[in-house]
2 protein chains.
Amino acid sequence: MAAMSAPDSIDLARLRRSCAKCSLQQLCLPAGVSARELEQLERIVQRNRHVGRGERLFWPGAPLTGVFVAREGAFKTTVLDESGEEQVLGFHLPGEVIGLDAMGTGVHRCEAVALGEAQVCEIPFDQLTTVAAQLPSLQQQLMRVIGQGVDRDQDHLGVLVRRQANERVALFLHGLGERLRTVGLSSSRFRLPMSREDIARYLGLALETVSRGFTRLQDDGVIEVTGRQVEVLDPERLTRMAHGAEEERNARRGRA
Amino acid sequence: MAAMSAPDSIDLARLRRSCAKCSLQQLCLPAGVSARELEQLERIVQRNRHVGRGERLFWPGAPLTGVFVAREGAFKTTVLDESGEEQVLGFHLPGEVIGLDAMGTGVHRCEAVALGEAQVCEIPFDQLTTVAAQLPSLQQQLMRVIGQGVDRDQDHLGVLVRRQANERVALFLHGLGERLRTVGLSSSRFRLPMSREDIARYLGLALETVSRGFTRLQDDGVIEVTGRQVEVLDPERLTRMAHGAEEERNARRGRA
DNA sequence: CGTCGATTTGACGCTGGTCAAACCTTGTGG
DNA sequence: CCACAAGGTTTGACCAGCGTCAAATCGACG
């Protein structure tokens with residue numbers, strides 16, 4: 001597919017583990033960037049750094065050094081509100097960019113924590129902008145990635161404004177499944193990387209309410225849950241519930 | 001209505017009404033951009049287009065043609081959820097950029113509506129990126145503006161996760177005041193550009209709950225409301241309530 | 001001055017937050 | 001390999017905050 005070009009000296013071993021060979025390539029920053037340009041990008045990427053469970057990539061007040069891409073494992077980004085409660089802003093799966101929250105001020109306002117053992121690639125931000133300024137397609141891709149982040153935030157908003165707790169839970173599971181699929185994992189059988197508490201803090205609900213939501217979905221035969229292991233039995237119904245077709249679950253009262 | 005662009009010759013009269021002379025300059029895209037570079041930016045800006053009450057700048061599905069900056073008046077951006085309910089994503093005051101939601105896909109996902117008579121400047125997006133690629137400081141400023149938009153979305157999230165309805169209302173009023181101040185208006189005496197319903201759909205509450213929140217704040221002597229006219233009597237108390245110091249309002253129950 | 005929409009106020013019931021306790025899962029050490 | 005401990009998760013009971021329906025009042029604009 002991509003023609004190989006051999007400009008200067010290329011370390012073959014390194015290339016093998018490179019962005020060009022990365023299974024996430026089409027989801028990650030390099031998507032749509034030509035092979036020639038990709039090489040420039042590769043020079044500044046620090047690949048596959050290991051991150052232990054609970055380890056932080058950055059924290060509030062830390063200066064923006066670089067953007068991270070989850071390579072393996074999952075992350076959450078959180079802020080502490082003034083009463084000291086943790087609020088979960090988002091979850092980040094492989095291929096998703098983390099750290100752009102500092103673009104506005106140059107300083108991070110949230111913290112990013114690994115939910116389990118994970119690996120990330122890091123791209124120094126100043127170098128990224130420098131390189132991007134010279135490579136239109138990378139520039140454009142950078143914009144796209146930023147835009148996707150905004151889209152995700154807005155989806156999150158959409159979930160929070162939706163009042164019914166069970167709808168939020170259904171929407172969360174559905175959305176997670178969709179995202180897992182794009183990473184090449186099963187969307188119908190997976191292990192949640194985050195705790196009920198994390199989910200609750202993401203959905204703006206009490207932990208117990210999330211748990212009850214899961215139980216309810218199970219009782220209705222839509223999913224099967226054992227702790228963090230989830231199996232989606234009726235994907236269609238889950239989709240419908242996530243998209244607001246509530247009357248299907250039980251015709252309790254009509255809605256406009 | 002749309003002025004013909006004459007890129008080569010520079011009209012002095014036009015310059016007078018230019019970004020360089022604009023009172024919003026320091027809040028808008030040109031902030032931090034040098035005079036020389038500003039001139040380049042000016043060539044592509046279409047300034048001071050009038051927008052009538054209820055008129056839309058763009059709508060879901062419309063291709064990204066340009067970014068808008070509110071010059072005068074206020075806007076709201078909204079999406080329709082699958083049950084046809086309007087959800088308010090944000091309000092936009094003078095100096096704030098509108099339309100970057102389409103960066104991810106090139107297509108707008110929300111619509112932007114003028115809340116009253118308004119004026120906007122428009123910058124064709126492709127030309128903006130072209131020019132920005134050549135002007136590092138503009139490039140950086142663009143990033144900053146985008147980042148600020150993300151920050152605002154996250155603040156919005158912060159409001160929605162906060163469960164107490166009255167806290168949301170207080171936070172909303174406080175935040176609006178702060179933003180009005182940065183535009184050079186009074187933060188203690190203003191007229192709301194949006195309806196209670198818009199506020200409700202922004203805060204994820206019922207319209208009546210918002211109204212009751214206002215009434216409650218008034219009964220407590222924090223503000224004075226008459227329709228859309230608001231006067232903040234006790235800014236400190238409002239700030240404290242917005243920041244979660246709820247026990248001050250009435251010591252009903254202790255909170256952790 | 002009248003009409004229409006926006007806002008306020010009231011009454012009522014359900015959803016979901018809170019407190020509490022039981023249960024299950026995972027990891028550790030014997 | 002099993003026992004124990006420590007979180008994580010589920011379930012139950014209770015009730016208050018807020019959504020819903022309804023009606024009155026207010027304010028803006030013709």
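First the proteins, then the strands, lettered A, B, ... as listed; each starts at 1. Side chains are part of it too, since the values below use all heavy atoms of this structure and drop only hydrogens, waters and symmetry mates. If you're wondering where the values come from, they're calculated on a predicted model, not measured in any experiment.
Comparing R168(B) and G227(A) by the nucleotide of DNA chain D whose heavy atom lies nearest to each, the residue mapping closer to the 5' end is G227(A). With DNA chain C read from its 5' end, the first of the two nearest nucleotides for F214(B) and R228(A) is the one closest to F214(B).
Among pairs with a residue in residues 68-77 of chain B, those fulfilling salt bridge (charged side-chain N to carboxylate O under 4.0 Å, His left out) read K76(B)-E86(B), K76(B)-D198(B), at least two apart in sequence or across chains. Residue pairs meeting the ring pair (Phe, Tyr, Trp, His ring centres under 6.0 Å) criterion with at least one member in residues 202-222 of chain A, sequence neighbours excluded: F91(A)-Y202(A), H156(A)-Y202(A), F172(A)-Y202(A).
Note: CZ (R216(B)) to P (dC18(D)) measures 11 Å, nearest angstrom. The CG atom of L207(B) sits 15 Å away from the C1' atom of dT25(D) (whole-angstrom rounding). Counting to the nearest Å, the P atom of dG17(D) and the CD atom of E167(B) are 12 Å from each other. E117(A) places its CD atom 11 Å from the P atom of dG27(C), with the value rounded to the nearest Å. One interatomic measurement links the two molecules: CG of N166(B) to P of dG19(D), which rounds to 11 Å at whole-angstrom precision. The distance from atom CD of Q229(B) to atom P of dG27(D) is 12 Å, rounded to the nearest whole Å. Following rounding to the nearest Å, Q218(B) (CD) and dT7(C) (P) show an atom-to-atom distance of 15 Å. The separation between R53(A) atom CZ and dG27(C) atom P is 8 Å, rounded to whole Å.
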Listed pairs, N/O of protein and of nucleotides 9-11 of chain C, under 3.5 Å:
{"residue": "dT9(C)", "atom": "OP2", "partner": "T215(B)", "partner atom": "OG1", "Å": "2.8"}
{"residue": "dG10(C)", "atom": "N7", "partner": "R212(B)", "partner atom": "NH1", "Å": "3.0"}
{"residue": "dG10(C)", "atom": "O6", "partner": "R212(B)", "partner atom": "NH2", "Å": "3.3"}
{"residue": "dA11(C)", "atom": "N6", "partner": "R212(B)", "partner atom": "NH2", "Å": "3.3"}

Between the protein and nucleotides 5-7 of chain D, list every N/O to N/O distance that falls short of 3.5 Å.
none

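Within a 6.0 Å sphere centred on CZ of R56(A), other residues, nucleotides and ligands contribute more than 12 heavy atoms. By the neighbour-count criterion of 12 heavy atoms within 6.0 Å, atom CZ of R228(B) is densely surrounded, having more than that number from other residues, nucleotides or ligands.
Considering only residues two or more places apart in sequence or on other chains, Q218(A) meets the side-chain hydrogen bond (donor to acceptor under 3.5 Å, both in side chains) condition with none of them. Residues forming a side-chain hydrogen bond (donor to acceptor under 3.5 Å, both in side chains) with E117(B) (at least two apart in sequence, or on another chain): H50(B). Considering only residues two or more places apart in sequence or on other chains, A112(A) meets the side chain to side chain contact (heavy atoms under 4.5 Å, CB included) condition with L57(A), F58(A), T77(A), I98(A). Remark: C28(B) pairs with P30(B), V69(B) by the side chain to side chain contact (heavy atoms under 4.5 Å, CB included) rule, at least two apart or across chains. With sequence neighbours excluded, the residues satisfying side chain to side chain contact (heavy atoms under 4.5 Å, CB included) with Q229(A) are R191(A). Remark: S188(A) engages S186(A), V232(A) in a side chain to side chain contact (heavy atoms under 4.5 Å, CB included) (not counting sequence neighbours).
Of the residues in residues 191-200 of chain B, S195(B), R196(B) come within less than 4.0 Å of DNA chain C through at least one heavy atom, sorted by number.
A salt bridge is absent between E122(A) and R47(A): the closest approach of a Lys/Arg side-chain nitrogen to an acidic carboxylate oxygen does not fall below 4.0 angstrom.
Looking at heavy atoms from C-beta onward, L233(B) lies out of side-chain contact with V222(B) at the 4.5 angstrom threshold. For the pair L238(B)/E236(B), no side-chain contact is recorded, criterion being any heavy-atom separation below 4.5 Å from C-beta on.
In terms of modelled atom types and a separation under 3.5 Å, the side chain of Q154(B) and the main chain of D151(B) share no donor-acceptor contact.
L205(A) comes within contact range of the sugar-phosphate backbone alone, with a heavy-atom separation under 4.0 Å but no base atom that close.
Terminal axes of the helix from dC1(C)-dG30(D) to dG30(C)-dC1(D) (five pairs each, C1' rotation axis) are separated by 50°, to the nearest 10°.
Considering only side-chain N and O atoms, Q164(B) lies nowhere under 4.0 angstrom from the phosphate OP1 or OP2 of dG17(C).
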